[in-house]
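Because only heavy atoms are used, hydrogens play no part in the values below, and waters and symmetry mates are left out as well, while side chains stay in. Ligands are counted one by one from 1 in listed order, and the atoms in each one are counted from 1 as well.
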Amino acid sequence: MALTGLDIYKQLPKKNCGECGPPTCLAFAMALAAGKASLESCPYVTDQARENLASASAPPIKLVRVGDVELGDETVIFRHDKTFLHPTGIFIEVSDDEALDEKIPLVNDLVFERVGQQYKVDGVALRCRSGDASRYQAALEKVAAGYAGALILDVKGFDGATADNVVKTVAARKPLLFAATPENYELLVELAKKHACPLAVSASGLDGLADLAQKCAGAGWKELVLAPSVTGLSAALADFTQMRRLSIKKKFRPLGYPTLAFTSATDPLEEIMEAQMYVAKYASAVVVKACRKEELLPLLSWRANIYTDPQKPIQVEAKVHEVGAVSENSPVYVTTNFSLTYYSVEGEVEGSKIPAYILPVDTDGTSVLTAWAAGKFVAETIADFLKKSGIEGKVSHRELVLPGHVAVLSGKLAELSGWKVVVGPREASGIPAFARQRYAG
Ligand code: SF4
């Protein structure tokens, strides 16, 4: 159970010195209970009290690293409560009984550029389907040589010495060891501790999972990822939701770890929908079998939608952007630095096949009309940006294209900047026709 503010207060020094930020120990205790303060802020707290309060100051879901991929450390159930912090890790399942020379390049190719961001999968889960340790070892060496992302190793069926040899091969990459069960957890905890690798914990039912996680933690290893063994989508949804609620709302420590899901559907489209459910609620990592670009792009886009903080619009850098082989005669388009706006314009300028400069004015990542209504995309800011951007040294003309939605700015902008202002199309989709008519030839 989570400690209350009063429980915490009893452990504090009661000096009321205010050095922690809040003016009194009680106010600090309340902030700590609400997860809005860190115990480190009080320099007078005793070691004993620190130990007693560890559960109150620790994050509700532990941060665990698998290779370079950070999992967990979420603090809310719904994104609109605050934000989600660590996108669900997406792992592609490969196995030791398939043609890895063909599969690994496919996985490496799962990289997409969207609105200035790179979407890619995070890792590979190597299953042992052959049941043959030497074959698994050979497959692992192939994966390790051909793939640089995070790894999940299937070591649950190996004896101690074999598992140790397998893990040793890639221990420096901190793979996730799959998985400790009620039968083998002592062996796997020792293996995880020896190589400092994160350990997946798998058991049926939340009670069983919590019990096993406690045993692993009690055995001295807390870099855990919980992988509930569950059949059926609705049961999985219920378990993952309960785990998130119990860890965040109740601060129930035995379930306060990142979670791992495996899809079960065999049809690729159904599998991606299943994986989308896990991304939304509430897997920290999901393993999928699909690995074609057209299958993964919807999943990666879905993840980007859910894990993009709506309070921080994605932006492009406010500078002179060149599209194509520009020259001093190339047209100059002005827009805002909201990524979706900018890349809509860039795509259409590219489509016009007439090289051009695009100047995205810094409007804190808002679109043209929103920025105009907020006073961020007005004649003064555009004229100022024209001067500071350096565009005047790149073109020999003085003509810029203003978005049609803000045609009202054209007169004042021309006056302030000394540039000829041409009113362009209202929508980006009108740019190719506009450019061909005005700038072709
Ligand atoms: Fe109390 Fe410590 Fe804060 Fe001082 S720094 S007010 S002793 S909690």
For [atom], what is the closest protein heavy atom, and at what distance to 0.1 Å?
{"atom": "atom 4 (Fe) of ligand 1", "value": "Cys17 SG, 2.3 Å"}
{"atom": "atom 2 (Fe) of ligand 1", "value": "Cys42 SG, 2.4 Å"}
{"atom": "atom 8 (S) of ligand 1", "value": "Phe28 CD2, 3.4 Å"}

query = Between Glu93 and Lys103, does a salt bridge (charged side-chain N to carboxylate O under 4.0 Å, His left out) hold up when you go through it step by step?
reply = CA-CA 10 Å; Glu93 181 181 312; Lys103 187 91 175 257; over 6 Å; no
ask   = Which option out of Cys25, Ala31, Pro43 puts a heavy atom nearest to atom 7 (S) of ligand 1?
value =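 Looking at heavy atoms only, Cys25 sits closest to atom 7 (S) of ligand 1.
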message = Just by distance, no angles: are the side chains of Thr181 and Asn184 close enough, under 3.5 Å, to form a donor-acceptor pair?
response = yes
ask   = So, for Lys222 and Tyr257, which heavy atoms are closest and what is the spacing to 0.1 Å?
value =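 Closest approach of Lys222 to Tyr257: O-CE2, 3.2 Å.
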Is the shortest side-chain N to carboxylate O distance from [X] to [Y] below 4.0 Å?
{"X": "Lys376", "Y": "Asp364", "answer": "yes"}
{"X": "Lys194", "Y": "Asp164", "answer": "yes"}
{"X": "Glu190", "Y": "Lys193", "answer": "yes"}

Structural part of Val45 in contact with ligand 1, heavy atom criterion under 4.0 angstrom =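 Under 4.0 Å from ligand 1, Val45 contributes no heavy atoms.
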ask   = Which of the atoms of ligand 1 are close to Lys15, meaning less than 4.0 Å from one of its heavy atoms?
value =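 Listed by number with element, the hits are 7 (S).
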inquiry  = Within the 4.0 Å heavy-atom shell around Cys20, which atoms of ligand 1 are there?
reply    =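 This gives 3 (Fe), 5 (S), 6 (S), 8 (S) as the contact atoms.
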